[in-house]
Amino acid sequence: YEAASGRDLSRFLFYEVFTTFKVAVVVQQLFARYQRGDTDDGRFAGFDARVVAFARRAAARIGGQI
């Protein structure tokens, strides 16, 4: 893609990890709303595990562990 488009992808990893972190924040906010009772939508009940999964995915991409 880089060769065909001429776009610089040297910072792609940064944006991938940053985006994963941002999604984790949104998911955490939804889980917090569920925990506080601000919503009774049961789909949010297991979002705490998803936040951990997103954090692990981001850390793994940069060679770290959580």
Side-chain angles (χ1 to χ4, degrees):
Y1 176 81
E2 186 173 20
S5 69
R7 296 183 188 266
D8 177 16
L9 299 181
S10 63
R11 295 185 40 95
F12 186 81
L13 178 61
F14 169 81
Y15 290 107
E16 180 184 358
V17 172
F18 184 60
T19 300
T20 303
F21 171 75
K22 288 174 63 171
V23 170
V25 169
V26 171
V27 172
Q28 178 64 39
Q29 290 172 335
L30 292 169
F31 179 70
R33 288 185 61 219
Y34 178 79
Q35 285 292 98
R36 284 192 311 263
D38 293 341
T39 182
D40 60 357
D41 190 332
R43 293 178 299 171
F44 302 142
F47 274 23
D48 55 336
R50 292 182 184 201
V51 171
V52 172
F54 280 121
R56 286 188 175 140
R57 180 183 304 170
R61 291 294 292 136
I62 57 174
Q65 291 182 338
I66 291 188

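Residue indices begin at 1 and follow the sequence shown.
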Visitor: Asp8 and Ser10: side-chain donor and acceptor closer than 3.5 Å?
Guide: yes
Visitor: I'd like to know whether CZ of Arg43 has more than 12 heavy-atom contacts from other residues, nucleotides or ligands below 6.0 angstrom.
Guide: no
Visitor: Would you say the side chain of Gln28 lies within less than 4.5 Å of the side chain of Phe47, judging by non-hydrogen atoms?
Guide: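 Answer no - side chains too far apart.
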Visitor: Roughly how far, to the nearest 0.5 Å, is CD of Gln35 from CZ of Phe44?
Guide: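 So the gap between those two atoms works out to 12.5 Å.
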Visitor: State, with a plain yes or no, whether a side-chain heavy atom of Tyr34 is found less than 4.5 Å away from one of Asp41.
Guide: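 In short, these two side chains do not touch, never coming nearer than 4.5 Å.
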Visitor: Suppose the criterion is salt bridge (Lys or Arg N to Asp or Glu O under 4.0 Å): which pairs have a residue in residues 48-66, not counting sequence neighbours?
Guide: Glu16-Arg61
Visitor: With the side chain counted from C-beta on, respond yes when Phe31 and Val51 share a heavy-atom pair under 4.5 Å apart, and no when they do not.
Guide: no
Visitor: Other residues, nucleotides and ligands only: do more than 12 of their heavy atoms fall within 6.0 Å of CZ on Phe14?
Guide: yes
Visitor: Just verifying a value: how many Å separate Thr39 OG1 and Arg33 CZ, rounded to the nearest 0.5 Å?
Guide: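 Here the interatomic distance stands at 5.5 Å.
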